[in-house]
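So the structure is just underneath, and the comments pick up after that.
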Amino acid sequence: MRWVSRTEAAVGGLLLTVIFALMLVQAGQRYLPGGGWVWTGELARFGLVWMTFAMAGYLMGRDEHVTLKVIDYAPSRPLRRTVAVFADVMVAIVCLNLAYEAFGLVLEQTSQTTPALGLPVGYFYVIPLAGLLLTTVRSVVAVFRPRATGKERTA
Amino acid sequence: TAMGGGDDDGGDGTVTLSFANSYTDQHPHTRCGIQAVAETINGMDNGVTIETFPNSQLGEDAERFTSVMSGDVDLDVQGSSALASTYAPIGVLDMAYAFEGPDQLFEFFDSAAADRLKDGFARKTGTRILDVWFFGMRHFTANKPIREPADLQGLRMRYPDSPVYLANAKAVGANATAVAFEEVYVALQQGIIDGQENPIPTIAEQSFDEVQSHVSLSGHQTGSQLIVVNEGSWRKLSRQQQDALQKAVHETRAKNRTCIEQEERKVLDEWKRNGGMTVVEDVDRQAFARRAEDYFTRTLSGEQREAYEQIRQSAK
Amino acid sequence: MSMALLAGAIVALLALRVPVAFALLGPCLTYVTMEGHSFGLSMREVTGAIDSFPLLAVPLFVLVGVVANHAGIADRLFDFALSVIGRIKGSLGYVNIGVSLGFSWMSGSALADAAGLGKVEVPAMVRNGYSTRFSVGVTAASSLIGPVMPPSIPAVIYASIAAVSTGALFAASVVPAFLMATSLAIVVFLWARRQSGLESQPFDWALLRTAAVRVAGPLLTPVIILGGILGGVFTPTEAAAVGAAYVLLLGFAYRTVRLRDLGGILRDTAATTASITLILGASGLLAWILAREQVPRAVAGAMLGFTDSQVVFLLLVNVLLIILGAVMEGTSVLVITVPILLPIAVEFGVDPLHFGVIAIINLMIGLLTPPIGAVLYVLSPVTGLPVHEVFRGTVPFLVPLLAVLLLVTFVPSVVTFLPGVLGL
Ligand code: NA
Ligand code: NA
């Protein structure tokens, strides 16, 4: 699992770098002659979507998704464990369902392409599909191998 | 074909249709647009009920059109430049100086030549174009008059972020900068961009007159919006229901145009009266139009070129 | 499937420790299937909610905050603030607020602030005779300045949903953020007056000069970010990118960020961003369902039938958002409630910028209140205090924050003044 997390983090970091670089280029472009590129904005937006799903499994593996953890303060250890298993099973079910949808969208025969890059729409869902499957794997693993409680992240 | 669409099939001949757009409650395309159609149909008691969803409630343009294709939204109002990413030839309707105004737009749209475009679109998307509504002529605003192509030199003009619009910019000789619609006001004010282009009602609604001194009546694009319906939702309707809906959308077209033109006149009169904006009427539209036609005949190919030439033919 | 059942299922899953994004998604997926919507709709709406140009500022502002934390800028701000007001009684309390204020120009989230500054400030205060509870309380409360003062991640999210200018909303938030800082300082003043033996540091010009030089670089960040946006040099997203590049350069210059740290910085930023954007996507699907069920229209009808007074409406909104902010995560509350409440607010004559600032302050106060109270959960391990003790420390600071909220609610000019002056 460790190399999976490393790969996810590497892909997430790479996509972040792409967004960062594209926006720097766009800021600079404003002060250069010639028209802007349309595809920079589109690729950066897609990068944000892909980064979200690329990191979903990483966060799940470390219990770092934003979660209401009041139950962790319950005194009964078996209760805590039961709830944790329930939550992991729920996440697995949700992710599997969404992954199935993403799979359908990847395979769907549609003529739609993205406006600027001309990317067939199905390709857009490849990274989300992979991310959701890896999140499913993480939640199933967590049912059998409890993790340490992760830190809080939110806006 | 429709894969979904919610529990709107009453099973007893009653159907509920969702009708969405991206415009505010006050915009003519809502007031004298989707709401007008809904009122007409809902007042008929013919088993069809229309629920309206203005203001991008059901998603942004591209997202909503995908939902129309899948049947999750039944009816929608879409610009042809946005639809062009699914069926390229339809984008021609939004090209600079393709049409000379709403009369020609409507005339072409009702002609046999347009049927080919509509059929091709229906085959490719599984959605049907019911009609076209007039969105207003698009004009340039800037802090100086734009009377001829040379006046665009050195100006950063904001255009919507889509290939058809960027082609339009090149066609008239503008230097296009993409800025999100919500940021245009601030970007104009702070000089990130020097000008933009939109129909008069939008310029007024967005208060661009506060940050721009001149509106030049270039009319470089006959703004239009297509009314699209999911084919599966359409087939759920009986023949009479289809006719009623088609008729309501078509009759709204005329009223909607009046609505837009009244709004246009009202705003222009106000600007002329209070000096809110200098209205430049002596724009050399011929010079712009020649340039655009020259550009498009050079760059367009295949089905797009065919459609473009048919439209240009209808003007002559 | 009824909306009550949908809401009930979400609340139950949240309570049972299902991560917020998945607790929202589960019932929504069930709804979409049961109502016969198309296969693929859920996935498209989830991704569609994230796929937005204004939201690109989110990862970049998170990056600014992560790098600023990593580069040790908090220490520099701390030394500087102490060298200025060190001799005043209760100085470390004011310094705590001042550091949060300085850091708020570089950070868009409360948690980055609380986690980063808590480690420095709480031990320093305790060493100097402040009670742990008070120290944690002032740290928690002052961390809320971060997401209100621009750059602000909640503001970026609100602007993208409400289709208002991010720059204008940033300008609107500046005065309320200063008011929050001032109101917290008043609590410190009242508290310190009754204490004895809060050691203060003598004033020293040499120290001040050194500290000022060390803080000059970081304090240029708001000039680049906010100045860049309001001065018309960049759009907010571009300013975020340029700001991140600048803070990175600072880190390299101070040798607190090294090339080998970059991997970790990128990973942390991507992870924090994803935890926010996944919730955004899930909330987007829920917002679509609510719109499809005509919930906004029903709520508007009920609200307009109940009262025609702007004051009563805004009070109701405050109560509603405080409660939601306490039991839900802020991003999801924004995505779900703004499409419903904003049109009603406009009907009542409330300015969308004004409404945005009210909503953001409300939801940020929720970060201090159990059961969600994310700031409490961040500070608990940092300080070794149990969560309920952290909360007891923050209670006295809820009073001034609520006072600022009421002021901002009923004196719109507090919000609209600066955008007005700047002509936004
Ligand atoms: Na602080
Ligand atoms: Na901030």
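Side-chain atoms are counted along with the backbone in the values below, which use heavy atoms only and exclude waters and symmetry mates. Just so it is clear: chains get the letters A, B, ... in the order the sequence lines come, proteins before strands, and each one is counted from 1. Model, not experiment: these values are computed from the prediction.
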Check whether [X] gets within reach of chain C through its side chain, its backbone, both or neither, counting any heavy atom under 4.5 Å.
X       : result
L22(A)  : neither
F20(A)  : both
Y73(A)  : side chain
D88(A)  : neither
L16(A)  : side chain
T135(A) : side chain
I71(A)  : side chain

So, are D63(A) and R17(C) salt-bridged, with charged N and O less than 4.0 Å apart? yes
Is it true that R138(A) and E8(A) make a salt bridge, defined as a side-chain N closer than 4.0 Å to a carboxylate O? yes
Please classify the contact of [X] with chain A as side chain, backbone, both or neither, using a heavy-atom distance under 4.5 Å.
X       : result
L285(C) : neither
V233(C) : both
L278(C) : both
S52(C)  : backbone
L55(C)  : both
L16(C)  : both
L262(C) : neither
V46(C)  : side chain

With a 6.0 Å cut-off on ring centres, are F39(C) and Y100(A) close enough? yes
Under 3.5 Å: donor-acceptor pair, side chain of T47(C), backbone of R44(C): yes
Are the side chain of T52(A) and the backbone of W50(A) linked by a donor-acceptor contact shorter than 3.5 Å? no
Scored by heavy-atom pairs under 4.5 Å with chain C, the best of G104(A), C95(A), A10(A), A44(A) is A44(A)
Best-contacting candidate, M90(A), Q26(A), R45(A), M51(A), against chain C by heavy atom pairs under 4.5 angstrom: R45(A)
